[in-house]
Amino acid sequence: MGSGWSSEEERQPLLAPGLGPAPGAAWRSREAAAALPAAAPSPGRVYGRRWLVLLLFSLLGFAQGLVWNTWGPIQNSARQAYGFSSWDIALLVLWGPIGFLPCFAFMWLLDKRGLRITVLLTSFLMVLGTGLRCIPVSDLTLKRRLIHGGQLLNGLAGPTVMNAAPFLSTTWFSADERATATAIASMLSYLGGACAFLVGPLVVPAPNGTAPLLASENSRTHIKDLIETVLYAEFGGVCLLFSATLAYFPPRPPLPPSVAAASQRLSYRRSFCRLLSNLRFLMIALAYAIPLGVFAGWSGVLDLILTPVHVSQVDAGWIGFWSIVGGCVVGIAMARFADFIRGMLKLILLLLFSGATLSSTWFTLTCLNSITHLPLTTVTLYASCILLGVFLNSSIPIFFELFVETVYPVPEGITCGVVTFLSNMFMGILLFFLTFYHTESSGCSTGDGQGPAEM
């Protein structure tokens, strides 16, 4: 394992001087690479199977995001079918960030036992969680408890699918593919949440409160049957993924793809000391965790928030879907661009966050139309929400690259575990606040109680 496995471009820092790691840290990483034996036994090698590994991991993240966001887009239907309250709907989404409480245990498992064992445990928890929601019981109180338990088990799978993407890309992909692989693996989880906005409202009809009068067959029993169809379909998909992962998911390739994959990393305890003592890392982590965590929680209860302005469950689903899908597409494109252009990540993030600030300001001012007198139309509601999601979600893979480069040689799983834990902490704070604050007339209110005007 020698320096012949790395190119000069790979050894260049990702960060501009103003935001990069401390000079001592950068020197230590270069020194570690230079200290490797000069004669490499063989060049770094990439394997075609890396795309299969990436596909399996990405689909697992997709399924976890889909299961997590099952209830938010159909909250009105779930209320009628199972008697859920506003507290229940918020708590069903809150189980996602609560599942991150044992995040550090999963980080330790990834660092000590590798990718295969961690992914198998994660997929098994998802099988248990989705299966628990499908147990047929007639008692609605017991059924609600089983659903809550299933959502918690699925939330426990979150640390792996959201943290391990940079670890997987470093282990299997070369330097000029790492950012792209990280983007695909990390964004598919968000895409799963986006598809929940689409699948739920299209399969499950809305009750009479937020949609035009429906046919008589859309009764409570009919809605409940369709929700259970969605639950069974998700359970089947997760079982299929678990079987595929059990059959083939190697922990690492026979030969490392780059010097970064072969280099020695810090121990678990020393990694935390390095992270907590690195001021630059903590600043970037907060810049990621606060806006992304708040937006993720806000997206998870988007239907709950937009109901007071008479936005239907289907429209809220389409808004959430396109905001996340747009962010995934732009994020992967940005990551592919970052694979070839080094030193521009700070500028990319500044541009993305500037766009997010303008979009969120636009959305807020139109919702306060009783004060600003700006028109609240379907077009403005769609445009502002979708643009906000595009700008924020597309920044995720760029942030991950910054984190990994800033604190090298801290293992990628530990680095991203800390920042996603912070992100989920802020998401949990928002959802906890919404749980007690929300009433039937709260949320994004227009002052006169009227919904968006059609264009």
Side-chain angles (χ1 to χ4, degrees), residues 6 9-34 100 103-104 107 111 162-167 169-170 175 178-179 182-183 186 259-260 263-295 331 334-335 337-339 341-354 356-357 391-427:
S6 64
E9 179 187 5
E10 183 181 355
R11 293 193 293 268
Q12 296 300 318
L14 287 175
L15 296 176
L19 194 58
W27 179 83
R28 283 191 295 272
S29 64
R30 290 195 299 268
E31 181 186 42
F100 266 76
C103 173
F104 300 108
M107 291 158 50
D111 185 50
M162 297 186 69
N163 297 343
F167 181 86
S169 63
T170 301
R178 280 203 298 259
T182 299
S186 59
V259 68
S263 61
Q264 183 70 30
R265 301 304 178 93
L266 297 181
S267 65
Y268 188 74
R269 186 172 66 177
R270 288 186 62 193
S271 296
F272 277 99
C273 294
R274 175 70 66 86
L275 293 178
L276 296 178
S277 62
N278 192 321
L279 181 60
R280 289 177 175 83
F281 167 76
L282 295 177
M283 292 173 62
I284 303 173
L286 289 177
Y288 167 85
I290 295 176
L292 270 299
V294 170
F295 179 75
M334 288 289 183
F337 177 73
D339 272 329
I341 305 297
R342 301 287 178 170
M344 296 184 63
L345 299 185
K346 178 180 178 180
L347 177 60
I348 293 174
L349 285 178
L350 287 175
L351 293 175
L352 292 175
F353 268 60
S354 297
T357 301
F391 286 124
L392 284 180
N393 288 324
S394 61
S395 68
I396 294 173
I398 307 299
F399 267 117
F400 279 2
E401 285 298 306
L402 285 176
F403 294 138
V404 171
E405 181 69 15
T406 301
V407 295
Y408 180 87
V410 176
E412 293 83 358
I414 295 177
T415 302
C416 295
V418 170
V419 298
T420 52
F421 177 82
L422 291 175
S423 175
N424 278 268
M425 183 182 69
F426 286 106
M427 184 203 304

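Small disclaimer: the values here were computed from a predicted structure and weren't measured. For this chain, numbers begin at 1 and follow the sequence in order.
For the atom pair Phe100 CZ and Met427 CE, the distance stands at 7.5 Å (nearest 0.5 Å). One distance of note links CE of Met425 with SG of Cys103; it measures 12.0 Å at 0.5 Å rounding. Taking CZ of Phe167 as the start and OG1 of Thr415 as the end, the distance is 11.5 Å to the nearest 0.5 Å. Note that the CG atom of Leu402 and the CZ atom of Arg280 stand 13.0 Å from one another [nearest 0.5 Å]. Between the CG atom in Leu352 and the CD1 atom in Ile396 there is a gap of 11.0 Å [rounded to 0.5 Å].
Nearest heavy-atom pair across Gly331 and Ser394 is N-CB, 3.4 Å. In plain terms, the two heavy atoms of Ala165 and Ser186 that are nearest each other are CB-N, 3.9 Å. Residues Leu292 and Ser395 come closest through the heavy atom pair CD2-OG, 3.9 Å. Counting all heavy atoms, side chain and backbone alike, Ala289 lies closest to Val419 at CB-O, 4.2 Å. For the residue pair Phe281 and Leu275, the shortest heavy atom distance occurs at CD2-O, 3.6 Å. The two residues Met107 and Asn163 make their nearest non-hydrogen contact at CG-ND2, 4.3 Å.
Ring-plane geometry between Phe400 and Phe403 is classed as tilted, the angle between the planes lying from 30 to 60 degrees on a 0 to 90 degree scale. The aromatic rings of Phe104 and Phe421 sit tilted relative to each other, their planes meeting at an angle between 30° and 60°.
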Inset, instruction - Could you walk me through whether Phe272 and Val418 pass side-chain contact (heavy atoms from CB on, under 4.5 Å), step by step? - result: CA-CA 9 Å; Phe272 277 99; Val418 170; 3.9 Å; yes

Inset, instruction - Test side-chain contact (heavy atoms from CB on, under 4.5 Å) on Tyr288 and Thr420 and set out the steps. - result: CA-CA 9 Å; Tyr288 167 85; Thr420 52; 4.2 Å; yes

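When Thr406, Leu279, Asn278, Leu349 are each tested for a side-chain contact (heavy atoms from CB on, under 4.5 Å) with Ile284, only one passes: Thr406.
Ring to ring, Phe353 and Phe399 are close: their centroids are under 6.0 angstrom apart.
Using modelled atom types, one side-chain atom of Ser169 and one backbone atom of Pro166 make a donor-acceptor pair closer than 3.5 Å.
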